[in-house]
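Notes follow the structure.
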Amino acid sequence: MFDVPAGSVMRSWTGWIRPEDRGAYTAYLERTGLADYRSTHGNLGAATVFRDLPDGRCEVRTISFWRTHADIVSFAGEDIEMAVFYPADDQFLIDRELTVAHFDVA
């Protein structure tokens, strides 16, 4: 799916939605966050994964790969630890992390 070189950066964010919103939220993410990731210089790819939880929620994780931390600044702004949100997110998200995690790719 991704040809990600060693030394690049993976960015991960997690939120939670109602399971019945999975299809609509997937389409919404493709139009907003994932489109913005993919159109930012230095982005190497992005995807969304889902997991239904026993408590009735659906966990959503966006994963994006970047050449450098500096490229992430072009997408997220100077504080790359803060998550980026869009106007209609509240229609879908029942909970969310406000920060993201970054991992070095080996």
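Any value given below was found using the heavy atoms of this structure, including those in side chains, with hydrogens, waters and symmetry copies removed. It should be emphasised that the depicted structure is a prediction, and the values quoted were computed from it without experimental measurement.
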With heavy-atom distances below 4.5 Å as the criterion, would you say the side chains of [X] and [Y] are in contact?
X	Y	result
I63	V49	yes
D21	Q91	no
D89	R96	yes

Least distance between heavy atoms, [X] atom then [Y] atom:
X	Y	value
P5	V105	O-CG1, 3.8 Å
T40	D36	OG1-O, 2.7 Å
I80	R11	O-NH1, 2.7 Å
W13	V100	CB-CG1, 3.7 Å
L44	W66	CD1-C, 3.8 Å
A6	A106	CB-C, 3.6 Å

Rounded to the nearest 0.5 Å, what's the gap from [atom1] on [X] to [atom2] on [Y]? Could you check?
X	Y	atom1	atom2	value
F103	S8	CZ	OG	13.0 Å
F50	L29	CZ	CG	6.0 Å
L98	E81	CG	CD	13.0 Å
Y28	L34	OH	CG	11.0 Å
H41	F75	NE2	CZ	15.5 Å
T62	Y37	OG1	OH	3.5 Å

Candidate pair E97 and R61, rule salt bridge (charged side-chain N to carboxylate O under 4.0 Å, His left out), full reasoning: CA-CA 10 Å; E97 291 183 350; R61 186 165 303 197; 5.9 Å; no

same_hphob_cluster(V84, I17) at 4.5 Å side-chain heavy-atom cutoff: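 Yes; I17 is reachable from V84 via cluster members.
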
Side-chain donor/acceptor of R38 to backbone N/O of N43, under 3.5 Å: no

Other residues, nucleotides, ligands: >12 heavy atoms within 6.0 Å of R51 CZ: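 It does not: R51 CZ has 12 such atoms or fewer within range.
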
Salt bridge (Lys or Arg N to Asp or Glu O under 4.0 Å) partner of D52, the single match among R57, R18, R22: R22

Parallel, tilted or perpendicular, as decided by the 30° and 60° cut-offs, for the rings of F92 and Y25: tilted

Side chains of D71 and T68, donor plus acceptor under 3.5 Å: yes

